[in-house]
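Structure, as structure tokens:
In what follows, every heavy atom counts, from backbone to side chain, and hydrogens, waters and symmetry copies are set aside. Note that the structure is predicted; figures quoted are calculated from it, not measured. Lettering follows sequence order; numbering is per chain, from 1.
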Amino acid sequence: MSSSDDDMPLARANGHLSASKVSKADDRAMDVDSSAEAMPAPISVRNGPVDNHSRVNGSGKRKSRSSIANVSYKDASDSDDGPLAKRQKKIVADDSDDEVLSRKPKKLPPAASETAVLEDSDDDKPLNAKLAQKRKSIEKNAEKEAKAIRANESKQKKPTPKKAIKEESDDDAPLAGAKGKKRVSNGAASKSKANGVKKEESDSDAPIRKKIKAAPAKTAPAKGKVKAESSAPAKKTPAKKVKEESADPDEEDEEAEYRWWDAPKKEDDSIKWTTLEHNGVLFPPAYESLPKNVRLLYDGVPVNLDVEAEEVAGFFGAMLHQKHHVDNPVFQQNFFKDFKEVLDRTGGATDRQGNKVNIKDFSKLDFQQIYDYYHAQSEARKAKSKEEKKADKAEKDKLEAPFMYCRWDGRKEKVGNFRVEPPGLFRGRGAHPKTGKVKHRVLPEQITINIGKDAKVPQPPEGHKWKAIQHDNKATWLATWQENINGAYKYVMLAANSAIKGQSDWKKFEKARELKKHIDRIRKDYTRDLKSEVMADRQRATAVYLIDKFALRAGNEKDTENEAETAGCCSLKYEHITLREPQTVIFDFLGKDSIRYYDEVTVDRQVFKNLRMFKKPPKKDGDDIFDRLTTTQLNKHLSSYMQGLSAKVFRTYNASYTMANLLKNLPVNNASVQEKIKLYNDCNREVAILCNHKRTVGAGHEAQMEKLGDRIKGAKYQKWRLKQMLVDIDPKQRKKRGTEYFEYDEDLDESWIQDHIAFLVEEQRTKIQKKFEKDNEKRQAEGEKPFPDKELKERMKAADELDKKLKKEYRTKKVEAEGKSPTIDKIEQLINKADERIKALELQAADRDGNKEVALGTSKINYIDPRLTAVFAKKFDVPIEKFFSKTLREKFNWAIKSVEDNVDWEF
DNA sequence: TTAATCACTTAGAACTAGCTTG
DNA sequence: CAAGCTAGTTCTAAGTGATTAA
């Protein structure tokens with residue numbers, strides 16, 4: 001046990017340690033419900049403690065529990081560099097200032113996943129239980145399958161019967177080669193990065209541009225081995241439809257698709273290419289000074305700045321609309337500090353007379369003019385005519401053309417991000433301590449180029465040099481540099497639809513599929529180890545349990561001073577988990593990108609006891625739950641089951657496996673295409689929830705929902721009016737249908753209706769006004785005299801009448817039937833229509849609200865084996881376009897093609 | 001053993017194009 | 001027939017995890 005726990009500097013494993021061994025007595029003690037954790041108030045909110053306004057950590061409820069009254073959520077801390085000691089300083093109820101820092105997401109998402117395994121979970125049983133049941137059966141399934149696979153395998157050394165999927169020959173992991181070997185560069189430079197700056201001109205042979213253009217389509221790679229192609233030339237892309245041959249210089253050498261997924265696998269895939277040609281990177285345009293009349297104001301005084309300082313001011317000014325950043329005090333402070341530095345370096349600011357202006361107070365800065373200027377520019381851009389836009393686009397394309405593609409082993413491949421990141425302000429997510437700092441312009445001198453030995457090295461901009469040139473064919477990047485804020489490495493790599501990315505995607509999913517074979521054994525082992533006497537093992541088993549069951553991320557250690565405080569499994573802290581007897585665990589922490597993970601789940605009793613043990617005093621806030629476990633250890637353990645198995649594979653596995661099972665049990669049979677899509681998306685959504693993929697719907701959402709709500713009410717109001725018309729036509733209707741029928745919908749209330757009437761009238765007015773102006777324009781264009789204002793007034797009478805009419809209706813609750821020769825029948829039809837409309841709108845509202853914070857995209861792009869989708873689409877005759885956008889279809893081309901004639905493919 | 005380095009995947013926000021829809 | 005959305009795309013931050021260096 002550490003000696004002085006309280007004032008220890010913060011560092012992982014520095015907090016309180018658990019004992020290294022667990023005695024029987026310790027174990028038994030955990031059964032007794034006596035710890036500080038003991039009696040949490042029964043929280044039943046699935047959506048997490050919603051603490052509405054400012055404070056977001058949702059600790060309100062828990063704080064009120066005496067037992068853990070001192071739980072301080074890390075976000076309650078007010079220091080960004082938060083040494084533990086500091087964080088512990090008792091946060092009394094309100095540390096007002098830090099809510100402004102917006103450390104937490106503003107809205108409370110619904111509880112992440114209903115992954116509970118056992119019963120319990122007092123309230124909201126039904127939903128919970130249903131989903132839990134589903135998961136459970138999926139797991140059962142997994143075990144069965146694993147056994148089956150193994151049985152099958154031992155019987156016949158040659159596994160897969162399916163010819164199309166030779167990939168399945170999983171015994172030798174696809175990754176094996178790559179990962180096993182060290183990634184020693186065999187390129188020339190790599191060792192001596194610094195030495196670098198090989199003279200570009202030195203080794204340039206034929207100019208690459210020329211080569212690219214010249215290269216006849218078919219004569220692919222005269223160079224290295226690259227035999228792959230041979231095996232499956234099958235589909236050739238027909239030589240491009242006529243079209244603009246001129247526009248794209250690369251158009252001419254359209255090539256046959258490289259069907260690597262049909263090609264034999266390479267024995268050694270650590271070598272990524274044999275030849276590599278490209279044109280380097282595209283730098284952002286140089287800074288353009290603001291016009292003289294656009295100024296930064298300080299204390300109301302327009303100031304002169306050096307261009308460099310002006311540019312930095314411009315960074316801030318340009319993002320004035322991004323309240324989220326601009327209002328964040330940390331962002332402001334960091335920006336201001338850097339801004340002042342530039343100011344100091346460049347001679348400061350002066351007023352019109354040339355007198356020094358001492359800029360020392362951020363709040364006196366006024367960027368409005370700058371913002372307005374940039375905003376106007378972008379508006380102007382948007383307002384451009386079609387032709388102009390087209391011309392602009394053409395110019396841009398021309399500029400980018402040389403960088404768009406590279407030649408990789410002779411094949412033309414798309415480059416992903418050839419543009420060097422422009423300078424600006426660092427937008428860290430969550431409570432990033434460095435958010436708002438100035439991100440410098442990247443110079444060629446900072447950029448290392450990776451390129452084939454025989455390729456022409458791209459020319460750096462006039463008067464500049466590259467930092468270095470290397471020829472590392474074990475790396476897939478074309479260029480790299482380090483960013484100045486965190487020293488993070490940035491890479492220019494190929495696009496997602498490239499062969500190299502596709503292959504590694506494929507490997508990822510194959511790896512996950514391979515896990516199917518081992519999952520039962522792994523689960524058995526960790527279930528056993530949950531009771532291990534060795535604390536490290538017990539922690540590891542518990543962690544794997546959580547990762548497996550709840551799809552948590554591994555949780556690498558983080559640099560607390562320079563990064564936002566977020567957590568994953570291994571880095572979970574004391575305060576991130578609350579325990580409720582007998583076996584409920586409540587997670588509440590910020591995960592990747594500071595996205596909140598909130599979930600109440602039911603766990604095995606042993607897991608519950610272990611967690612209690614890992615939280616045993618003197619552990620407290622800020623201490624690691626898994627103090628004897630690191631991700632490295634965990635992954636090392638996992639890899640003993642299977643080459644290349646690490647924590648993240650579980651996420652892929654669980655997502656894809658879950659998706660597979662969900663799709664399997666879908667009632668697709670006589671569903672329409674629309675319905676099938678909906679069903680698929682529902683599955684997708686479940687996976688997204690499992691992975692806790694969310695989007696923060698900005699302030700806009702609330703307003704949008706309200707607007708939608710208003711539209712619903714509006715429709716209901718119209719329906720009410722229609723009903724009254726029935727009476728107008730035939731007073732007997734009232735008796736016939738009963739008075740209730742003619743009352744307001746419960747959604748509507750008097751004051752809303754009054755507002756609505758005002759709104760409708762106003763709307764009419766605007767319409768009339770607009771129409772009037774338009775008509776006038778037309779007249780003017782035709783050389784006629786514009787209408788006099790009198791005409792407008794005349795027209796406006798319609799609105800006044802409407803006002804009168806609606807108000808009268810409102811007073812008398814009588815509505816005159818509208819339309820020519822209205823009949824009961826006609827009105828009834830209209831009522832039906834209104835009903836339909838209401839229903840549609842309500843559905844839309846519900847759908848949107850339910851979906852508002854779930855992001856389906858991420859799981860579709862990264863976690864769900866695309867072959868599942870391809871098979872689903874094929875099997876049930878839904879066009880793949882309904883599931884994959886154009887880019888996604890390109891990215892997943894391998895998947896779509898490889899199951900084309902194998903709808904029986906299974907994950 | 002730990003820390004640093006590096007390369008690559010995963011992630012939500014911001015931006016944009018194109019499609020309704022009022 | 002623009003306005004207002006949504007879906008799709010781009011951007012780059014933030015993870016993971018292997019390897020290397022200390």
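In this structure, the side chain of A/Asp338 engages the main chain of A/Val438 through a donor-acceptor pair within 3.5 Å. Here the side chain of A/Lys389 pairs no donor or acceptor atom with the backbone of A/Arg381 at under 3.5 angstrom. Checking side-chain atoms of A/Ser498 against main-chain N and O of A/Glu413 turns up no donor-acceptor pair under 3.5 Å. Side-chain atoms of A/Lys860 come within 3.5 Å of backbone N or O of A/Phe883 as a donor-acceptor pair. Within the 3.5 Å criterion, the main-chain N or O of A/Ala567 finds no donor-acceptor partner in the side chain of A/Ser571.
Among all heavy-atom pairs drawn from A/Leu638 and A/Ala647, the shortest one is CD1-N, 3.6 Å. The heavy-atom pair separating A/Tyr653 from A/Ala512 by the smallest distance is CD1-O, 3.5 Å.
Among residues at least two apart or in separate chains, salt bridge (charged side-chain N to carboxylate O under 4.0 Å, His left out) pairs with a member in residues 483-495 of chain A are A/Glu421-A/Lys490.
In this structure, the CD1 atom of A/Ile861 is 10 Å from the P atom of B/dA11, given to the nearest Å. One atom, CG of A/Leu629, and another, C1' of B/dT1, lie 15 Å apart when rounded to the nearest Å. The distance from atom CD of A/Gln470 to atom C1' of B/dA7 is 12 Å, rounded to the nearest whole Å. Distance A/Asn862 CG to B/dA11 C1': 8 Å, rounded to the nearest Å. Distance CD (A/Glu561) to P (B/dA4): 12 Å, rounded to an integer number of Å. Distance A/Lys511 NZ to B/dC8 P: 17 Å, rounded to the nearest Å. As rounded to whole Å, 13 Å separates atom P of B/dA7 from atom CH2 of A/Trp273. One can place NZ of A/Lys474 at 15 Å from C1' of C/dT20, the figure rounded to the nearest angstrom.
When the side-chain nitrogen and oxygen atoms of A/His432 are compared with OP1 and OP2 of C/dA13, none of them lie within a distance under 4.0 Å. One finds a side-chain N or O of A/Lys439 lying less than 4.0 angstrom from the OP1 or OP2 phosphate oxygen of C/dA13. The shortest distance between the side-chain N/O atoms of A/Lys490 and the OP1/OP2 oxygens of B/dA7 is not below 4.0 Å. Within the structure, every side-chain polar atom (N or O) of A/Lys636 is placed at least 4.0 Å from both OP1 and OP2 of C/dA18. Look at A/Thr632 and you won't find any side-chain N or O under 4.0 angstrom from OP1 or OP2 of C/dA18.
Taking the charged nitrogens against the carboxylate oxygens, A/Lys390 and A/Glu387 have no contact shorter than 4.0 Å, which rules out a salt bridge. Remark: A/Arg513 engages A/Glu510 in a salt bridge, criterion side-chain N to carboxylate O under 4.0 Å. By the 4.0 Å N-to-carboxylate-O rule, A/Asp682 lies close enough to A/Arg685 to be salt-bridged with it. The pair A/Lys396-A/Asp392 does not count as a salt bridge, with every side-chain nitrogen at least 4.0 angstrom from each carboxylate oxygen.
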Could you pull out the protein-nucleic contacts involving nucleotides 4-11 of chain C (nitrogen or oxygen on both sides, under 3.5 Å)?
{"unit_1": "C/dC5", "atom_1": "OP1", "unit_2": "A/Lys707", "atom_2": "NZ", "d": "2.1"}
{"unit_1": "C/dT6", "atom_1": "OP1", "unit_2": "A/Arg848", "atom_2": "NH1", "d": "3.4"}
{"unit_1": "C/dT6", "atom_1": "OP1", "unit_2": "A/Arg848", "atom_2": "NH2", "d": "2.1"}
{"unit_1": "C/dT9", "atom_1": "OP1", "unit_2": "A/Thr887", "atom_2": "OG1", "d": "3.4"}
{"unit_1": "C/dT9", "atom_1": "OP2", "unit_2": "A/Ser885", "atom_2": "OG", "d": "2.8"}
{"unit_1": "C/dT9", "atom_1": "OP2", "unit_2": "A/Thr887", "atom_2": "OG1", "d": "2.3"}

For nucleotides 15-19 of chain B, print each protein N/O atom paired with a nucleotide N/O atom at under 3.5 Å, atom names and distance only.
none

Dump the pairs, protein N or O against N or O of nucleotides 1-3 of chain C, anything under 3.5 Å, distances to one decimal.
none

Could you list all N or O pairs between the protein and nucleotides 15-17 of chain C that sit under 3.5 Å apart?
{"unit_1": "C/dG15", "atom_1": "OP1", "unit_2": "A/Thr566", "atom_2": "OG1", "d": "3.0"}
{"unit_1": "C/dG15", "atom_1": "OP1", "unit_2": "A/Asp593", "atom_2": "N", "d": "3.0"}
{"unit_1": "C/dG15", "atom_1": "OP2", "unit_2": "A/Lys558", "atom_2": "NZ", "d": "2.6"}
{"unit_1": "C/dT16", "atom_1": "OP1", "unit_2": "A/Ala554", "atom_2": "N", "d": "3.4"}
{"unit_1": "C/dT16", "atom_1": "OP1", "unit_2": "A/Gly555", "atom_2": "N", "d": "2.7"}
{"unit_1": "C/dT16", "atom_1": "OP2", "unit_2": "A/Asn556", "atom_2": "N", "d": "3.0"}
{"unit_1": "C/dT16", "atom_1": "OP2", "unit_2": "A/Asn556", "atom_2": "ND2", "d": "3.3"}
{"unit_1": "C/dG17", "atom_1": "OP1", "unit_2": "A/Ser646", "atom_2": "OG", "d": "2.8"}
{"unit_1": "C/dG17", "atom_1": "OP1", "unit_2": "A/Ala647", "atom_2": "N", "d": "3.1"}
{"unit_1": "C/dG17", "atom_1": "OP1", "unit_2": "A/Lys648", "atom_2": "N", "d": "2.6"}
{"unit_1": "C/dG17", "atom_1": "OP2", "unit_2": "A/Asn635", "atom_2": "ND2", "d": "3.0"}
{"unit_1": "C/dG17", "atom_1": "O5'", "unit_2": "A/Asn635", "atom_2": "ND2", "d": "3.4"}

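Looking at A/Tyr491 and A/Thr476, their side chains never bring a donor and an acceptor atom within 3.5 Å of each other. Residues A/Thr435 and A/Asn334 have side chains that never bring a donor and an acceptor to within less than 3.5 angstrom of each other.
Here the side chains of A/Val420 and A/Pro284 are in contact, with some heavy-atom distance below 4.5 Å. Side-chain contact check for A/Lys558 versus A/Glu565: every heavy-atom pair is 4.5 Å or farther apart.
With ring centers used as reference points, A/Phe587 lies under 6.0 Å from A/Phe550.
Summary of the strand contacts: A/Asp505 and A/Gln482 both lie near DNA chain B, and taking for each the nucleotide with the nearest heavy atom, the more 5' one is attributed to A/Gln482.
When heavy atoms are screened at a 4.0 angstrom cut-off, A/Arg889 is found touching no nucleic acid atom at all.
Near-neighbour residues of DNA chain B inside residues 491-502 of chain A, defined by a heavy atom below 4.0 Å, number-ordered: A/Tyr491, A/Met493, A/Lys501.
Nearest nucleotide to the A/Ser504 side chain, out of B/dA14, C/dT12, B/dT9: B/dT9.
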